[in-house]
Participant: 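Got a structure for you, written out below as structure tokens; questions coming shortly.
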Amino acid sequence: MNDEVAQSFDELADLMQIAGGDRFKIVAYRRVGDEVRALARDLSTLDDEDLLALRGVGRATASKIREVMKTGTMAKLEEARAAVPPGIREMTALPGLGPKTALLLHHQLGVSNLAELDKAIKEQRLRAIKGLGRKTEENLAAALRRFKGKQERIPIDVALSVAESLLEELRGSDLVSEVAYCGSLRRGKETIGDLDLLATGPDPAAIMGLFTGLPGVAGVPASGSTKSTVRTREGLQVDLRVVAPDEFGSALQYFSGSKEHNVRIREIAVKQGYKLSEYGLFRVSDNLKVAGASEEDVYGALGMTTPPAPMRENRGEVELALKGELPELIQLADILGDLHSHTRYSDGSTTVREMAMTAMGLGRRYLAITDHLDAWVKSHSPDTILLQAGEIAAVNEEFGDKITVLQGVEVDIGPEGTLALPDSILDSVDLVIASIHRRYGLDPEAMTRRVVKAMQHPSVNIFGHPTGRWLGSREAAEFDLTEVFAAAKDNGVVMEINSNPARLDLKDDHIRLAREFGLKFSINTDSHNPGHLSRMRLGVGMAQRGWVTKPETINALPLDGLRHVLTKE
DNA sequence: GCCGTTTTCGGCCCGACTGTTTTCAGTCG
């Protein structure tokens, strides 16, 4: 429902922009779309008062939201649709082609969708239009070719590795004194569109030359004296900006926050008599620069504490920063153990001992082995659990002073909400993760009943990868999150934040809703081989996006404290 | 269309790059 409403407002804004509507109304509608999309609760659970409390939602918008929920559309949107030929909007999805040009093409050439645009380009009809030219035609042709290929966002782990190797190459040069990645990657989003890099050094032009000439660069769509865009061989777009050293902080601020966060911060600056840009914070009265070298200086001069990058989405962090009440987010260094991993006993690749040694090397003080010991992965004899217990005991004997291996299971939640292992086994292990692995497609009510029932089982400690989403291939399962979170609270069940880059589940908005219910979290890697154990930082990043603190994280507890939580007393 | 420690009316963020122009509009982030 929320998505449907958000999309209606997005479309309304797009269509009004094409038709040349009031630009402030357009901005207002876009904000509503963003706000609704970020909402963790379903709109249908909100009364009028809740609705009006949403930022950017007034009387007129509230009634439009109700209209969409009731009828699936709104009169204003239908009006806009009638005014703009279908297909024009899809044209503006093409990078480099905005509403003005789309409309121009429509009026001049009768082009009203991407297919017709393609034809017009091939016939070289664009270059004849006043205001366009040969180059524009070529650029749009290239954009169209790329558009037909892939336009997917890159998973965060892939983007991180590309970014880190680029940073390494740039750092290796004398030309570069400082370089960092920012943008959605720094904010820890699960997928990244473009990579944003920021550098400083004595000779900006030379840095640009270095950057556009890096071996992994396949093309250079734009290159100026302080800003360049390249396309890597993998098809990833990378932007690099170069600023002076005393601008690095304001530039980092500028390129790290989401657009919404930055607009908010700049509005606050204006109200206080300042102007904020990537070059610094300036007092309007005399153009005096008051901050710029560090992010803390910039936020500090505005009377704010500095929100950690993953919080900078304009989801309420600005208000907290103004009051100096930002939460202290969980950090990777706070994590003492990992509570979800697999070995050869099920679908993992290696032994308990090897997993323990790698975890130890990463500084973990405990590791739970949570194999699927039910029949759906492999068939097991009843004493498999004892065999594994023996192996774990031996590893603990060997490494016990450095790391403690716990024995757990990841048990499948059947369609009816029953667990796929007998109570005798569930009782005998240190911890139980209950997860759904099949039959995601039940209707929401059945799904909710299924999950609630599983959480009522007294042995269940953690709800594993709760929504079951698989980025790029499977949507989150539909169930009533508020009901499930309430049941988790009643039954002492902890929510997993799964670090697998294809899952990152729970996700940020759901985490924030879970926190409202007072739930605790376990940030786990769900490792199937030793290499997976270092994914923890991805899960921590998602936790930070959900504003999770250390006291809310059970695997930041020392072993004693953790054991106490696992006994559910 | 929303919103208020300068406002209930009059504002609403900022700058780089490109292409096509002779000073700027369009697009993007």
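We name chains A, B, ... by the order of the sequence lines, and we start the count at 1 in each one. As a basis for the values below, the full set of heavy atoms in this structure was taken, side chains included, without hydrogen atoms, waters or symmetry mates.
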Participant: Contact between A:Arg30 and A:Asp14 at the side-chain level, heavy atoms closer than 4.5 Å - yes or no?
Facilitator: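 In contact.
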Participant: For B:dC17 versus B:dT22, give the span between their P atoms, rounded off to a whole number of Å.
Facilitator: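 Nearest-Å result for B:dC17 against B:dT22 at atom P: 22 Å.
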Participant: Looking only at the side chains, is there a donor atom on one of A:Arg535 and A:Thr525 sitting less than 3.5 Å from an acceptor on the other?
Facilitator: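 There is no such pair between these side chains.
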Participant: With the sugar-phosphate defined as primed atoms, P, OP1 and OP2, and the base as all remaining atoms, what B/S/- string results for nucleotides 14-24 of chain B, 5' to 3', for protein heavy atoms under 4.0 Å?
Facilitator: BSSSSSSS---
Participant: Is the shortest heavy-atom distance from the side chain of A:Glu278 to the side chain of A:Ser250 under 4.5 Å?
Facilitator: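 When only atoms from C-beta onward are counted, A:Ser250 and A:Glu278 do not touch, as no gap falls below 4.5 Å.
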Participant: Please state the P separation for the pair B:dC3 and B:dT8 - nearest whole angstrom.
Facilitator: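 Rounded to whole Å, the distance is 16 Å.
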Participant: Round to the nearest Å and state the distance from A:Gln17 atom CD to B:dA25 atom C1'.
Facilitator: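 Nearest whole value for this atom pair: 14 Å.
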Participant: Assess whether atom CD of A:Glu11 is packed by more than 12 heavy atoms of other residues, nucleotides or ligands within 6.0 Å.
Facilitator: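 It does: A:Glu11 CD has more than 12 such atoms within range.
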Participant: Atom CG of A:Leu54 and atom P of B:dG1: how far apart are they, to the nearest Å?
Facilitator: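 The answer, rounded to whole Å, is 17 Å.
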Participant: Quick one: A:Phe9 CZ to B:dG1 C1', roughly how many Å, whole number?
Facilitator: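 Rounded to the whole Å, the gap is 10 Å.
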Participant: If I take atom CZ in residue A:Phe255 and atom C1' in nucleotide B:dG29, what distance separates them, rounded to the nearest angstrom?
Facilitator: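 Distance check: A:Phe255 CZ to B:dG29 C1' gives 8 Å.
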Participant: Does any non-hydrogen side-chain atom of A:Ile335 lie less than 4.5 Å from one of A:Ile330?
Facilitator: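 Counting from C-beta outward, A:Ile330 and A:Ile335 do come under 4.5 Å.
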Participant: When we call it a touch if two heavy atoms are under 4.0 Å apart, what does A:Leu322 touch: a base, just sugar-phosphate, or nothing?
Facilitator: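 Nothing, no heavy atom under 4.0 Å.
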Participant: Could you measure between the two C1' atoms, the one in B:dC12 and the one in B:dT18, and give it in whole Å?
Facilitator: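 28 Å, rounded to whole Å.
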Participant: Determine which nucleotide pairs with B:dG29, using a 3.5 Å limit on both distances of a Watson-Crick or G-U wobble pair.
Facilitator: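 Pair assignment: B:dG29 / B:dC14.
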Participant: Heavy atoms under 4.0 Å, any strand shown: does A:Arg264 hit a base, just sugar-phosphate, or nothing?
Facilitator: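 The answer is nothing, as A:Arg264 stays clear of every strand by at least 4.0 Å.
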Participant: Rounded to whole angstrom, note down the P distance from B:dC28 over to B:dT20.
Facilitator: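 These two P atoms come out 16 Å apart once rounded.
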Participant: Map A:Pro95 and A:Gln272 onto DNA chain B by nearest heavy atom, then report which one ends up closer to the 5' terminus.
Facilitator: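 The residue mapped nearer the 5' terminus is A:Gln272.
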Participant: Between P on B:dC2 and CD1 on A:Ile65, what's the gap in Å once rounded to a whole number?
Facilitator: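 Taking atom P of B:dC2 as the reference, CD1 of A:Ile65 is at 10 Å.
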Participant: Between B:dT6 and B:dG11, how far apart are the C1' atoms? Round to whole Å, please.
Facilitator: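 It comes out at 12 Å once rounded to the nearest Å.
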Participant: Just checking, any donor-acceptor pair under 3.5 angstrom between side chains of A:Asp297 and A:Ser294?
Facilitator: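 Per modelled atom types, A:Asp297 and A:Ser294 side chains form a pair under 3.5 Å.
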Participant: Does A:Thr73 have any side chain to side chain donor-acceptor pair (under 3.5 Å) partners at least two apart in sequence or in another chain, and if so, which?
Facilitator: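 So A:Thr73 forms a side chain to side chain donor-acceptor pair (under 3.5 Å) with A:Glu78.
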Participant: Start at the 5' end of DNA chain B and walk down; is the nucleotide closest to A:Arg55 or to A:Asp239 reached first?
Facilitator: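 The answer here is A:Arg55.
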